[in-house]
Structures are given as structure tokens and as C-alpha cells.
Number of protein chains: 2
Amino acid sequence: MEPQRTPVDQPKSLQVADDLRLQIERGDLAPGDALPTIADLSARWGYSVNVVRDAFELLKAQGLVSGGRGRPAKVRVPLRRIVRSSDRHQEEKDLVLLSEEERRGPGAAETLQLQFTATYEEIRADVALAEAFGIDEGAKLLQRIYETTDPATRQRQSWSVSYLPHDLISANPALLDSANEPWPGGTQHQLHTVGVEVVRVVDEVAATMPTTVDLKLWGMEKGVPLLKVRRISFDETGRVVEISDADYPADRTELRFTIPLAKW
Amino acid sequence: MEPQRTPVDQPKSLQVADDLRLQIERGDLAPGDALPTIADLSARWGYSVNVVRDAFELLKAQGLVSGGRGRPAKVRVPLRRIVRSSDRHQEEKDLVLLSEEERRGPGAAETLQLQFTATYEEIRADVALAEAFGIDEGAKLLQRIYETTDPATRQRQSWSVSYLPHDLISANPALLDSANEPWPGGTQHQLHTVGVEVVRVVDEVAATMPTTVDLKLWGMEKGVPLLKVRRISFDETGRVVEISDADYPADRTELRFTIPLAKW
DNA sequence: GAGTGGTCTAGACCACTGT
DNA sequence: CAGTGGTCTAGACCACTCC
């Protein structure tokens, strides 16, 4: 007989992590349940405590476990997700963002109200923006930064920058004043007041991991991606009239796009 | 004078990681550049090598650094992203998925061809699916699993399950045979052959971190989220005619939704 | 205060890459 | 082969939570 090879030869920390992950996926460990302690697992497996700690860290990076520092590690319990729907193409108006079902369902008592801030600034188009708009570099743009926060948890729910060509909107000075936010009807309405009609919107969706800075800024836990949406708005002539970049934490956000289909 | 408090009191591993991150963000370290070696950084900071290793691990989890095992760690170089566009609501047809610009741009010589597999199976609706479709639990469904792979890198590019109520489509036996994939015109066309017209599609987009299993399955690196899309298709009567769940690796995928806007 | 996880050290050994 | 990062140990100390 040949000596039996170790079946998989996985690192010890992976063995421990996978065992716990399977317990979580099977439901043996339910959301909110405390994991066995590090010392416990260390003794049970006969591995160094650091091995178990590495396993915990891996599970946190995978978004399966939360906790720490004095508290036992727990199976992460999913947060309620706010639905960002393309039906209302007016992010500024999105102070109540729950879907119909959720608004009518249980727990709708505390009608989730998000705190809202807007900051305006006039800037000059850099190369990237100039190209995206199809305008000259250095052209004046109105930059607007929006941020929504859940007052209950004091956690940021969204952050976005949007750019509007200045000459598009200078006809209506009210548009240049952030004190008018939130504008009823959103950007669509704002542009309408200066004779621009948005007829098409393209959303590009990506996801990345937050940096250490982001984690603090958003009050996120490790293992939660950031959803990144670049929205480009076009008017009837195909001209780009607004570009916005928005970030949403993936554990509190669901993006919903409703698309009417062309008939076959 | 009071003794000066340490300005931030960050963990050493965070100090090192943040310093490297800033160098990357500033461009001092460009994509593809090798980071200083662990031993090097350890000596320079006067910290234990394990501290620097923790820093590297953090940067990998943030998707900023790739590498390891014999090779020096390097600043991650962004992959080319395949655009999944809502314009073509026929994932089965999406064998060429590059955007217009990319198809015409440089590097379009090797017209990216994805390998495609489909697996059909008849199943019974569980509680969740029954509710989602608004049909009885235990009703027959056609389950189709699609997978696309980039033959060049042998990496999986997408994976999806879709469900169709069996009684909807049994009128056309060809629909039950996976040998007919990829069906020209996709699900829309397939349903059309049995008199069903899809008029509305709702895409729900979320993002999570891949588990250890996913990492191997997709050949992904740490620090890359998975994009998850649930697509629900409705016919003229508002009935749900198809549900599909698709996963895409966020480093190789961009989702694009084009939405025609209602006039103000 | 007892118990939790988080950080860190010093040092060992290994797997892999390049030459 | 030398040099890289990956895994692991044994043990120390700390920050925090809960009783």
C-alpha cells in the first residue's frame, strides 16, 4: 500500500472556515447565532488559536460572519434592503424608497425617512468629463453632491456626484441654489424648466470592495461590496445632459430596473 | 505641555496597508507594478513580518493587490469588462457581448467568443418559486442552467438558472430540448412560439462576496464581488412567465441598463 | 473580573517562482 | 539555487462586553 495522501491538503484555516460555512449554509447556525469561541474551536481541532482567527477573518471577508471585540462572533443577519428603483428616475426625490410590498408589509410602521444633504459647486470639466459630455475641456459644470443617511442608524445610505453643463441650466438661476433641494420631481423636472427633456437614461452598474476609508465613512462591515452606478442622461437630440456617479452599500441596497420590452 | 497623543492610534497593519493604498491611489504604484517585498517593508517600518503580511491580505481583500506564492505582490490590473446590456434581453444570444465602442476599438481583433453550455431539467416548484410565479407548489417547471466560459482564459464568465412554468411551454416540444440551445432570439422568441409575449422585465441587482467554493469555481481572486441579478419576466396580463438568477464576477462584468423615460 | 476577539512578535517551515 | 509570499505555532498583551 502506498501511504495515503492527505485527501485535499487544504490549509487548516480553510478547513475550519469551510466547516463553519457549511454549518451556516445548512442552517445549523442561524443568522444571529453565536459561533463557537476561538479557544473552543482551537481546542476541538487541535490547531493554534491563530489558525481559527484566520478562519474567522475569512468568514468576515465573505460577509458570513460579523462581530468581534468583546462580543462573540455571530452569523451575520441580513439587513433590510432599500430598493432603488429605476421607475422613479429622480434620486433626489427618493426620500422614501421602499418597494410597494415592503411599504404595505409588516414593519412599515416606521416609515423609513432618510436624511438628505446636497452640496453645489461650480467646477471646470476635466478631460474625462469633457469627453463624456462631448464638450470642451474646461467648460463650466454644476457639480452636485448628494448624500442620504438613515437617521435611526446614522448610517449613510447613498452618496452621489452629478454633473450638469452649466450653460444648459443657467437660464433658471434657481437651479444653481442648493437651498432649493430636494427639488420636486428631481433632475428631470429641473431640466424641464430650462427646456431640456430627458428621454433616455443609461445606468452602468459595477461592484467593488470598499477601502478602509470607505468602511469608516459608511459604517460598513468587512465583506460587504459597494455598488457603483454611473448614470448618463440623454435628451431628444442624443446629447448628454447629466452624468452621475452613485455609490450604495450592497448590504442595504437593492437596485431594481424595470424595462419595457420591444415587441418581437 | 501634555504628552502628545498618538494622532490616530491605528493598528500597525492598517498603517502599512493605508500607506500602500495611498501610493496606489496616487499612482506612485501603477497597475502591474510590484510592491516592495514583505521583508523590505518589515525592515523599513520596524514591524514584524506578520504585520506586513496582514497588510497585504487586507489590500487583497480590497481588490487592490494581486499575486503571491513565489511571485512578488503586484498592484492589480483591471480586467476587460464584458458589457451585459439590457438592450438585448436574450442572454442565450449573448455570445458576443462587447459594447459597440469596444468592438470597434483597438484589440477587437480577437472577437471574444464565449463558450456556452445549457442544461435542462424538469423540476417541481418549491415554496419560494411557487410564490414568485403565483402558481401551486409542486407545479412542474423547466429549469435551465446556462454557463458561459471564456475559452482563452478558461474562466467562467456567467452562470444562471432560469425557470419556466412547464404548462406554458409544453405546446412546443422543441423548447424542452437543450440540444436546441442557443435558441435564436432567446427566451423572448421561445415564449413567442407558444403564444406568450414578454412585455416587461424587472431586474433586481445585488452584490455579495464569493465563498471559498465560488472562488475556485470562477477562478476569481480575493477581493472581487459577485454581481447577482434576478430577472423576472412578465407577459401582457402581468403574469410571471420566467424567473432567472444570474451571477457575474464583478471584475469581468459590467451591467448596463437602458431605460426610455416617460415624458414629464 | 472573566471571557471574548483583535493585534503583535519571533521564529519556523513550506510552496512556488525565477535564474 | 535564492528569494518571494503563504501557513503555522506559542505565547504575550490589549480592547471591549457583559455580568
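Letters A, B, ... are given to chains in the order of the sequence lines, protein chains preceding strands, and every chain is numbered from 1.
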Gap between atoms CD and P, on Gln10(A) and dA15(C) respectively (whole Å):
15 Å
Whole-Å distance between dT7(C) C1' and Leu14(B) CG?
11 Å
Test item: side-chain donor near acceptor, Thr149(A) and Gln155(A), under 3.5 Å:
no
Can a side-chain donor-acceptor contact be found between Thr148(A) and Gln115(A) if the only test is distance below 3.5 angstrom?
no
Take the protein atom NZ of Lys74(B) and the nucleotide atom C1' of dG18(C), then report the distance between them rounded to whole Å.
11 Å
Please determine if a side-chain N or O atom of Thr37(A) lies less than 4.0 Å away from the OP1 or OP2 oxygen of dG3(C).
no
When every nucleotide of nucleotides 9-19 of chain D is labelled 5' to 3' by its protein contacts under 4.0 Å (heavy atoms), B for base, S for sugar-phosphate only, - for none, what sequence of letters results?
BBB---BBS--
Trp45(A) has an atom CH2; how far is it from atom C1' of dT7(D), in whole Å?
16 Å
Rounded to whole angstrom units, what separation is found between the CG atom of Asp40(A) and the C1' atom of dG5(C)?
14 Å
Decide, yes or no, whether a salt bridge links Glu57(A) with Lys222(A) under the criterion of side-chain N to carboxylate O below 4.0 Å.
no
Whole-Å distance separating the CG atom of Leu58(B) from the P atom of dG5(D)
17 Å
Do the side-chain N and O atoms of Ser160(A) and Ser244(A) include a donor-acceptor pair separated by under 3.5 angstrom?
no
5' precedence on DNA chain D between Ile38(B) and Gln15(A) (nearest-nucleotide basis):
Ile38(B)
Measure from CG on Leu59(B) to C1' on dG6(D) and round the result to the nearest Å.
16 Å
Quick check: do Asp18(A) and Gln10(A) have side-chain heavy atoms less than 4.5 Å from each other?
yes
Those residues of residues 17-28 of chain B lying under 4.0 Å from DNA chain D by at least one heavy atom:
none
With no hydrogens and no angle check, just 3.5 Å: does a side-chain donor-acceptor pair link Asp19(B) and Gln23(B)?
yes
Closest listed nucleotide, where the reference is the side chain of Arg53(A) and the choices are dG5(D), dT7(C), dT4(C)
dT7(C)
Check: Ser42(A) side chain, Tyr47(A) main-chain N or O, donor-acceptor pair, under 3.5 Å:
yes
For Arg256(A) and Ser85(A), does a side-chain donor sit closer than 3.5 Å to a side-chain acceptor?
no
I need the single residue from Thr212(A), Thr208(A), Thr211(A) that forms a side-chain hydrogen bond (donor to acceptor under 3.5 Å, both in side chains) with Gln62(B). Which is it?
Thr212(A)
Verify the contact: side-chain N or O of Lys60(B) to OP1 or OP2 of dG6(D), cut-off strictly under 4.0 Å; return yes or no.
yes
Using atom CD of Glu57(B) as one end and atom P of dC8(C) as the other, report the distance to the nearest whole Å.
13 Å
